[in-house]
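A short write-up of the structure that comes next.
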Amino acid sequence: MTKTVKDYIRTIVDFPHEGILFRDVTTLFADPRGFRMAIDQLLSPYAGMRIDKVTGLEARGFILGGAVAHQLSTGFVPIRKKGKLPGRTIAQDYKLEYGDAVIEVHDDAFLAGEKVLLVDDLLATGGTAEAGIKLIERLGAEVVGCAFVVDLPALGGREKLEKMGMEVHTLCAFDGL
């Protein structure tokens, strides 16, 4: 039987707290066939498109985004948690399940008119991705797609991003939280 990306992802019950089914992509990353499959499938819809930069959301988005950028022969830009980037930054706050958070990008990371692909491991509520999109757009670049390994449809992230006019590509979905 041929494995799919979903087959490489393990579920950890009650992490980080009771009632959560954590979708752990580190098992996908650790398997060379699974990791290559995920990268190939993430970038497939964008082959032949103009993409000037790939951006990844902290932290697993760095792993995926760096590999996708390499395959597309383009640059990679990290979007990080507040206080982690050394140069001048712009910031965007967003809501988490239990509070607020802030992400940042260097203020010279994107040029006006650049085409950007946003990559992360998991799409839940879409809050982090939405904040990342806002940062990219504030610098004048255009998000041409949002690619994720895992979608958690029950949390509504895809709908949130699609209402923003984003093209959303996911490799697999898991029911529940």
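Starting from 1, each residue takes its place in the sequence as its number.
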Look only at the side chain of [X] and the backbone of [Y], and say whether a donor-acceptor pair between them is shorter than 3.5 Å.
X    : Y    : value
T55  : L118 : no
R138 : I133 : no
D121 : G61  : no
K134 : D93  : no
E104 : Q92  : no
E114 : L111 : yes

**Item:** T27 versus D24, side-chain donor and acceptor atoms under 3.5 Å
**Value:**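 Note: D24 and T27 side chains miss the donor-acceptor criterion.
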
How far does [atom1] of [X] sit from [atom2] of [Y], to the nearest 0.5 angstrom?
X    : Y    : atom1 : atom2 : answer
L57  : L64  : CG    : CG    : 10.5 Å
L43  : I51  : CG    : CD1   : 8.5 Å
K163 : E130 : NZ    : CD    : 11.5 Å
L123 : K160 : CG    : NZ    : 9.5 Å
T170 : Q41  : OG1   : CD    : 10.5 Å
H169 : L42  : NE2   : CG    : 5.5 Å

Considering only heavy atoms from C-beta outward, does the side chain of [X] approach that of [Y] to under 4.5 Å?
X    : Y    : result
F22  : T11  : no
L161 : F148 : yes
T74  : V68  : no
P86  : H106 : yes

At their closest point, which heavy atom of [X] faces which heavy atom of [Y], and how far apart are they?
X    : Y    : value
A141 : V116 : CB-CG2, 3.8 Å
F35  : A67  : CZ-CB, 4.2 Å
D7   : T2   : OD2-O, 4.2 Å
V102 : A91  : CG1-CB, 3.7 Å
L117 : G145 : CD1-O, 3.4 Å
G34  : L28  : O-CD1, 3.3 Å

Can [X] and [Y] be counted as an ion pair, charged N to O under 4.0 angstrom?
X    : Y    : answer
E58  : R80  : yes
E162 : R158 : yes
D52  : K115 : no

Linked, directly or transitively: [X] and [Y] (ILVMFWY side chains, under 4.5 Å):
X    : Y    : result
V149 : I63  : yes
I39  : I9   : yes
V168 : I136 : yes
V25  : L152 : yes
F62  : L122 : yes

**Request:** Report, as yes or no, whether the 6.0 Å neighbourhood of atom CD on E167 holds more than 12 heavy atoms from other residues, nucleotides or ligands.
**Result:**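 No, because the 6.0 Å sphere around CD of E167 holds 12 heavy atoms or fewer from other groups.
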
**Prompt:** Counting heavy atoms not belonging to R50, are there more than 12 under 6.0 Å from its CZ?
**Reply:**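 Correct, the count exceeds 12.
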
**Y8 six-ring face occupied by K3 cation (under 6.0 Å, within 45°)** =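 Judged by the rule, K3 and Y8 form a cation-pi pair.
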
**Request:** Check step by step if side-chain contact (heavy atoms from CB on, under 4.5 Å) holds for V105 and F110.
**Result:** CA-CA 9 Å; V105 70; F110 303 105; 4.0 Å; yes

**Request:** Start with the C-alpha distance between F174 and K6, add both sets of side-chain angles, then the distance that settles side-chain contact (heavy atoms from CB on, under 4.5 Å), and finish with yes or no.
**Result:** CA-CA 9 Å; F174 285 92; K6 190 173 185 176; 3.5 Å; yes

**Item:** Trace of the side-chain contact (heavy atoms from CB on, under 4.5 Å) decision for K82 with I103
**Value:** CA-CA 5 Å; K82 183 176 177 64; I103 56 174; over 6 Å; no

**Request:** Give the intermediate values and the outcome of side-chain contact (heavy atoms from CB on, under 4.5 Å) for residues I20 and D14.
**Result:** CA-CA 5 Å; I20 299 293; D14 295 332; over 6 Å; no

